[in-house]
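Notes to accompany the following structure.
These figures come from a predicted structure and were not determined experimentally.
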Amino acid sequence: MNSASAVQTIGILTSGGDAPGMNAAIRAVARTAWARGINVKGIYRGYKGLLDQDIFEMHHTFTRNIITNGGTALYTARCLEFKELEYQKKAADILKDQGIDGLVVIGGDGSFRGAQALARQGINTVALPGTIDLDIACTEYTIGFDTAVNTAMQAIDKIRDTASSHDRCSIIEVMGRDAGFIALWCGIACGAEDILIPERFDGNRPKLVYNLIEGINDKKKSTKKHHMIINAEGIGHSYGMAKDIEAATGVETRATILGYMQRGGSPTAKDRVYATYMGSLAVDLLAAGATNRVVGYRNGQFVDDDIEEALSMPRKDIDEYELEMAKMLGRR
Ligand code: ADP
Ligand code: F6P
């Protein structure tokens, strides 16, 4: 028991889509708490596990050998009823019964709203940004993005080997339902000719495909035959586009959807280190009496914001210069 700390028992949960680096954050939260004389309880499967009271006293052994693993050792889930006040009140009562007076939530925007709801019910909460999509307004870094991009990049490099051997066009679909950050980074890192992102898609698929066909036909005059298109999941339809391109250009075209392999795997050093820093900071914020905060990374520094303010920040946009640069370099 640490009488200097504003909280005596910290609970940890992971919520929404898992992301590589979440385990590093869990480990850092737990070990920092223990170093400060604070108890730690783990909550399995996000808000669902909280409502099911799937809660355990965390021991040191739980945090051993997890920093290298993808996924989340606490498991994760989505829990739609948690949007309702009745269930938020029930969850706060469960936390109080368990003696949990501080909570660290690792997840995306949706999970932050849950943390905010619990803060309103008197539980001190700090959230950490965990999503491979990077689409959180208050932070330039999210846990898992770096690993996901590196995983996708390695897969795309392999596809390039076979596509260029056959002078083929390849469309590779990467994750990002609403955000094109993974696609943009993979496109630049892999030297793609075209990068398709939801932020710049007006919904007109025939026009999009027409432009791709124009680019490929132009390329026929050059010595470089293969053509790589990175398509974000938010635009989708990669198989259909491949058929249309092949029919219109005569260039053999293959589509690959990378899918969930991008969300797994051992985290990169960056994800381990940043997630660790964020996990420690979350505990020190709670120990200092903070609540309803979200940790972020901006302008080279770890920062924390009020969740309400963080959620009302304008949606993060793709850097236009980066996108134009990628297009210009890919077409040469
Ligand atoms: P992410 O956290 O990755 O954005 P979701 O949007 O699926 O993922 O949210 C994860 C979980 O957070 C939801 O299943 C739900 O339990 C909780 N949540 C989402 N939105 C809210 C909300 N408005 N109020 C309370 N809890 C929410
Ligand atoms: O983790 C982010 C994300 O991968 C999105 O890019 C994707 O659309 C979504 O999660 C899919 O997750 P699920 O199938 O688990 O809902």
Among all residues two or more places apart in sequence or in another chain, which pass the side chain to side chain contact (heavy atoms under 4.5 Å, CB included) test with [X]?
{"X": "Thr162", "answer": "His166"}
{"X": "Thr291", "answer": "Ala119, Asn124, Thr125"}
{"X": "Glu199", "answer": "Ala179, Phe181, Ile197, Arg315, Asp317, Ile318"}
{"X": "Ala189", "answer": "Met153"}

Taking side chain to side chain donor-acceptor pair (under 3.5 Å) as the test, write out the residues that go with [X], two or more places apart.
{"X": "Thr142", "value": "none"}
{"X": "Asp306", "value": "Asn292"}
{"X": "Thr276", "value": "none"}

Does Arg263 have any salt bridge (Lys or Arg N to Asp or Glu O under 4.0 Å) partners at least two apart in sequence or in another chain, and if so, which?
->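 Residues passing salt bridge (Lys or Arg N to Asp or Glu O under 4.0 Å) with Arg263: Asp18.
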Residues which pass salt bridge (Lys or Arg N to Asp or Glu O under 4.0 Å) with Glu320, listed by chain and number, not counting sequence neighbours = Arg200
Under 3.5 Å, side-chain donor or acceptor atoms of residues 249-257 against the rest of the protein: list the pairs with distances, not counting sequence neighbours.
from: Thr249; atom 1: OG1; to: Ile245; atom 2: O; distance (Å): 2.7
from: Thr249; atom 1: OG1; to: Val251; atom 2: N; distance (Å): 3.0
from: Glu252; atom 1: OE1; to: Arg168; atom 2: NE; distance (Å): 3.1
from: Thr253; atom 1: OG1; to: Val251; atom 2: O; distance (Å): 2.8

Apart from Leu85 itself, which Ile, Leu, Val, Met, Phe, Trp or Tyr residues share its cluster (side-chain heavy atoms under 4.5 Å, direct or through members)?
-> none
Ring pair (Phe, Tyr, Trp, His ring centres under 6.0 Å): pairs with one or both residues in residues 122-148, sequence neighbours excluded | Tyr141-Tyr274, Phe145-Trp185
